[in-house]
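Counting begins at 1 with the first residue of the sequence. Just so you know, these numbers come straight off a predicted model, no measurement behind them.
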Amino acid sequence: MIRPPARQLLSYLAPYGPHVSNLTLALRDVVLEEAPQAIESISKGYALAIGYSFTGKPLKDGFCHIVTYSTHVNLGFNRGVLLPDPNEILVGKGKSIRHITIRNESELERPFVRRYLQAAIDQIGGPPRLAVGPSPALKRRSLKRR
């Protein structure tokens with residue numbers, strides 16, 4: 001497990017059967033392996049949803065989401081309609097969201113799952129870059145003071 005799930009997530013998963021709960025957590029691990037810096041946003045409505053972004057704004061800046069149902073889990077892509085899908089794996093009829101339905105953990109091993117995740121991350125510009133050293137502007141200011 002990449003990082004432990006929040007207590008809230010575990011609480012929301014409690015009413016689901018063990019198969020679906022474990023499937024949700026396994027898919028969560030796959031997402032976090034591909035995007036370790038991702039911020040999770042958890043919501044519970046008619047289904048449990050976990051949105052992923054690098055800003056904490058899953059609707060505006062999200063790249064994917066997991067939705068847990070009673071018998072399966074969907075890996076959704078917020079801008080899925082724009083993702084290359086030559087084998088027509090993605091499903092959905094909405095304006096922008098497309099998803100992959102996952103019914104068993106063995107389906108997470110299919111290589112295209114990670115390819116779609118990477119494409120969705122690339123689509124939003126990837127995770128934020130960590131600055132190394134002072135910014136150029138800060139360097140200029142400190143040189144002027146000498």
Using the salt bridge (charged side-chain N to carboxylate O under 4.0 Å, His left out) criterion, which residues pair with E105? Sequence neighbours excluded. none

Quick one: do L82 and F77 satisfy side-chain contact (heavy atoms from CB on, under 4.5 Å)? Show the steps, please. CA-CA 10 Å; L82 301 174; F77 300 98; over 6 Å; no

Drop me the distance from S43's OG to I50's CD1, to the nearest 0.5 angstrom. 9.0 Å

The reported gap from CG in L117 to OH in Y52 (rounded to nearest 0.5 angstrom) is 10.0 Å

Same hydrophobic cluster for [X] and [Y], using side-chain heavy-atom links shorter than 4.5 Å among ILVMFWY?
| X | Y | answer |
| --- | --- | --- |
| I89 | I97 | no |
| I39 | V67 | no |
| V30 | Y69 | no |

When every non-hydrogen atom of S11 is compared with those of P15, the smallest separation belongs to O-CD, 3.6 Å

Pairs in or reaching into residues 11-50: which pass ring-ring contact (aromatic ring centres under 6.0 Å, His included), with residues at least two apart or in two chains? none

Passing candidate, side chain to side chain contact (heavy atoms under 4.5 Å, CB included) with I66, options I42, L48, L27, L25: L27

So does T24 get a backbone contact from the side chain of T68, meaning a donor-acceptor N/O pair under 3.5 Å? no

Does a side-chain heavy-atom distance below 4.5 Å link [X] with [Y]?
| X | Y | result |
| --- | --- | --- |
| R28 | R3 | yes |
| R98 | L83 | no |
| H99 | L90 | no |

Any side chain to side chain donor-acceptor pair (under 3.5 Å) pairs touching residues 77-88, not counting sequence neighbours? H65-N78, D85-Y116

Qualifying salt bridge (charged side-chain N to carboxylate O under 4.0 Å, His left out) pairs, either residue in residues 113-127, two or more places apart: E33-R114, E34-R114

Intermediate values then yes/no, side-chain contact (heavy atoms from CB on, under 4.5 Å), H72 and V20: CA-CA 6 Å; H72 66 280; V20 171; over 6 Å; no

Side-chain donor-acceptor distances from residues 55-64 under 3.5 Å, at least two apart:
| unit_1 | atom_1 | unit_2 | atom_2 | d |
| --- | --- | --- | --- | --- |
| T55 | OG1 | K57 | N | 3.2 |
| T55 | OG1 | D61 | OD2 | 2.7 |

Output, in order, the C-alpha distance, side-chain angles, deciding distance and verdict of side-chain contact (heavy atoms from CB on, under 4.5 Å) for V31 and L75. CA-CA 9 Å; V31 171; L75 174 59; 4.1 Å; yes

P127: which residues meet the side chain to side chain contact (heavy atoms under 4.5 Å, CB included) condition with it, sequence neighbours left out? Q37, F54, I121

List the steps and the verdict of side-chain contact (heavy atoms from CB on, under 4.5 Å) for I102 and L23. CA-CA 8 Å; I102 299 172; L23 186 57; 3.8 Å; yes

